[in-house]
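Here the structure is a predicted model, which is why all the values come from computation and not from measurement. Excluded from the calculations below are hydrogen atoms, water molecules and symmetry mates; all remaining heavy atoms, backbone and side chain alike, are included. Each chain gets a letter, A, B and so on, in the order the sequences are listed, and its residues count up from 1.
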Amino acid sequence: MLLTQLRITNFLMETKIKASLLAHFHSLFEVEITEQLVQFQKTKKEFKGDTTLVLFPFLKLTGQNPAAIGAKIGELLKTELSLIADFNVVGGFLNMSFSDDYWKAQLLACYSDKSFGFLAPASKPAIMVEYSSPNTNKPLHLGHLRNNFLGYSVAEILKAAGHEVIKTQIINDRGIHICKSMLAWQKFSPINEKGERETPQNTGLKGDKLVGKYYVEFDKQFNAEAKAIIGLWENKAFDGFSTATVEKFNEFTAAKIGKDEKACAGLDDKIKELAKNETNLLREAKDLLVRWEGRDPEVYLLWTTMNGWVYAGFEETYKKMGVNFDRLYYESDTFILGKDIVNEGLAKGVFYQKEDSSVWVDLTDEGLDHKLLLRSDGTSVYMTQDLGTAVDRFNDYPQLTGILYTVGNEQDYHFKVLFLILAKMGYSWAKSCYHISYGMVDLPSGKMKSREGTVVDADDLMDEIVASAKEMTSERGHIEGMSDEEKNNLFQTIGMGGLKYYLLKVDPKKRMLFDPAESIELNGHTGPFIQYAYARIQSLLSKAGSFEFDATATMNDAEKEVVKQLALYPAIIEDAATNFSPAIIANYTYELVKLYNQFYQSIYILQEEDAAIKSLRLTLSESVANVISSSMSLLGINVPKRM
RNA sequence: GGCUCCGUAGCUCAGCUGGAUAGAGCAACGCCCUUCUAAGGCGAAGGUCAAAGGUUCGAAUCCUUUCGGGGUCACCA
């Protein structure tokens, strides 16, 4: 495919070479070739050349040896294409060097275009990118950081690739879990001397943290109550419990006899579930949900109040993260949607109804299972809502061609089913919906588990990283004369840049390890390494004063290597956009900076006496700075003028 | 168990739509600041690309199997 070649080296020249080869191959070897046989790869460092043509595919076809084929093709291309300056054949590889003029033209193209590598805005179809999508009773954690940085970055990359992008999130603001924190707050919040329960105002707690606290409190009390009930059961105190429940308890208890530890734990879980269903707390929470659905004014007021706290808290966190959204969707608005679609599917015969009137879809033909779409009591499930929301979005944005869902890979199956159902329903856009599935973030100590308290809170983490950036930056001391505001911005830029780069440089699909010590590292393959290169170039440019691009200078190898990497940028953006992978951008920029640093350390730019060479080097430096700034912005990372 | 993703240097990761001697960073070792910011550069060291078969002129990359790990298989979201 063309994309591979774009990625490997410069796309313009290779297209030309390929065209020329297709046109003239017959005149050299008396046989025709197909496009697939023309394979390029990056020239290995130890050989001279800017691109390499693989000759093996032609061996059988022509019946000649690689050296002869390479020489003939090389000669041909050199005469046909003036920009090919030289070539050599090593083994089965034809290495070609492009002329200085070619590389200078590439440099100029990069230098003179402020939005080098970007396609015209909104020149490609509109896409919606969903990310974040939090639960309103849990503060955001490390996993959300990966999600948000990833979603935001993919959206920026798609914009750069010419798409119109609508950033959105769906806020999970309803359901029994929300009622749990509401109930816990009502029951367990202490009341102060003014007669108020805890609020963000009177406690100084961030709203999402306060609500999260009561969600945890609910769980604590809930478990305690369930445990007490089990205690009663174990002492044969079955008064007030239904016979069905008692029978089940006895059944599970009997089943435990003679079983191994693991099986017993499983049965204990079942007993716990049984007991939980008998708690007053759950009954009250369910009651609250019924009242909420009936729009009971008191419950509704409580709900809007507490959600208001959470949103204010999230807003603060998003601001710190540097992410934003064009449009918000709330589950409380969308949870009823989808039922119509299910009924429509039922009418069309795409779905079927069981005797208990629950609605299902049969996906066994696709190698999957039967999936529930409507409960027997007619209420929606997760899938129902997602169907409704998707259709709703296409109604809201008629120009939309697809939706990207940034959601963890534990939901791979869900999205597979969702897209399948949409396709079965006949929505043509179903095929352009895609699940940006990312792996879990592990900690060195193991998995993050909210129940065990091993979650890393997003706010805490960002604060710690910025604090650490402050400490380390102050040590190195390039900040004299900065105002406090400038300093704080710088610490923010470095800390967040480091964190974002750390989370984005890894292929999103892969599970990754979050090592706190490594995440604040400033050396090596890190965000600050890249930011530092940018700041150093800014310093250089300000010392150099004004200059103009001079095409008369000759280029050395180190310079050419940098230009080659710069010229790759447009293809890299496209590659990152088609693969929804910020990691491609991150790794590209790292390469660019390494190449630039090698060049930078090998010569002194400002001491250069030849004006043409000096201006060429400054042009190169400024171009590199521009691409750093541009590519980092695609990752949501800022770059500092000084650091 | 079914389905699915993953396994590359001591550690964290690139490379994976087949091509030359598998690359970085961290850690550890040795150099380079009287000249543009050393958050940098240079050097050396570190590998049975989980294992075994297969396809191919050629396999870390594609196919099969095995081993090891994750996820998922709710009238939860």
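Scanning for salt bridge (charged side-chain N to carboxylate O under 4.0 Å, His left out) contacts around A:E410 gives an empty result, with sequence neighbours left out. For the side chain to side chain contact (heavy atoms under 4.5 Å, CB included) test, residues two or more places apart in sequence or in another chain that qualify with A:N556 are A:A558, A:E559, A:R617. A:E273 is linked by a side chain to side chain contact (heavy atoms under 4.5 Å, CB included) to A:K276, counting only residues two or more places apart in sequence or in another chain. With sequence neighbours excluded, the residues forming a side chain to side chain donor-acceptor pair (under 3.5 Å) with A:S437 are A:D412, listed by chain and number. Looking at residues two or more places apart in sequence or on another chain, you find no salt bridge (charged side-chain N to carboxylate O under 4.0 Å, His left out) involving A:E486. For the side chain to side chain contact (heavy atoms under 4.5 Å, CB included) test, residues two or more places apart in sequence or in another chain that qualify with A:R375 are A:L372, A:D377, A:T379, A:V381. Shown here are the salt bridge (charged side-chain N to carboxylate O under 4.0 Å, His left out) partners of A:E561, two or more places apart in sequence or in another chain: A:K564. Remark: A:R146 pairs with no residue by the salt bridge (charged side-chain N to carboxylate O under 4.0 Å, His left out) rule, at least two apart or across chains.
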Practice task
Summarise how protein sits on nucleotides 38-43 of chain B as a single string, 5' to 3': B when a protein heavy atom is under 4.0 Å from the base, S for sugar-phosphate-only contact, - for no contact.
Solution key: SBBSS-

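B:C57 and B:G18 have their C1' atoms separated by 12 Å, given to the nearest Å.
Near-neighbour residues of RNA chain B inside residues 603-611 of chain A, defined by a heavy atom below 4.0 Å, number-ordered: A:I603, A:Y604, A:I605, A:L606, A:Q607. Shown for residues 357-373 of chain A: residues whose heavy atoms fall under 4.0 angstrom of RNA chain B, namely A:S358, A:D369, A:L372.
Taking a centre distance below 5.5 Å and an interplanar angle below 30 degrees as the stacking criterion, A:F93 does not stack against the six-membered base ring of B:G19.
For A:N95 and B:G19, the CG to C1' distance is 13 Å, given to the nearest whole Å. Atom CD1 in A:I69 sits about 12 Å away from atom C1' in B:C57, given to the nearest Å.
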Throw together a table of side-chain donor-acceptor distances under 3.5 angstrom for residues 467-476 of chain A, partners on residues two or more places apart or in other chains.
{"unit_1": "A:T473", "atom_1": "OG1", "unit_2": "A:A469", "atom_2": "O", "d": "2.6"}
{"unit_1": "A:S474", "atom_1": "OG", "unit_2": "A:K470", "atom_2": "O", "d": "2.6"}

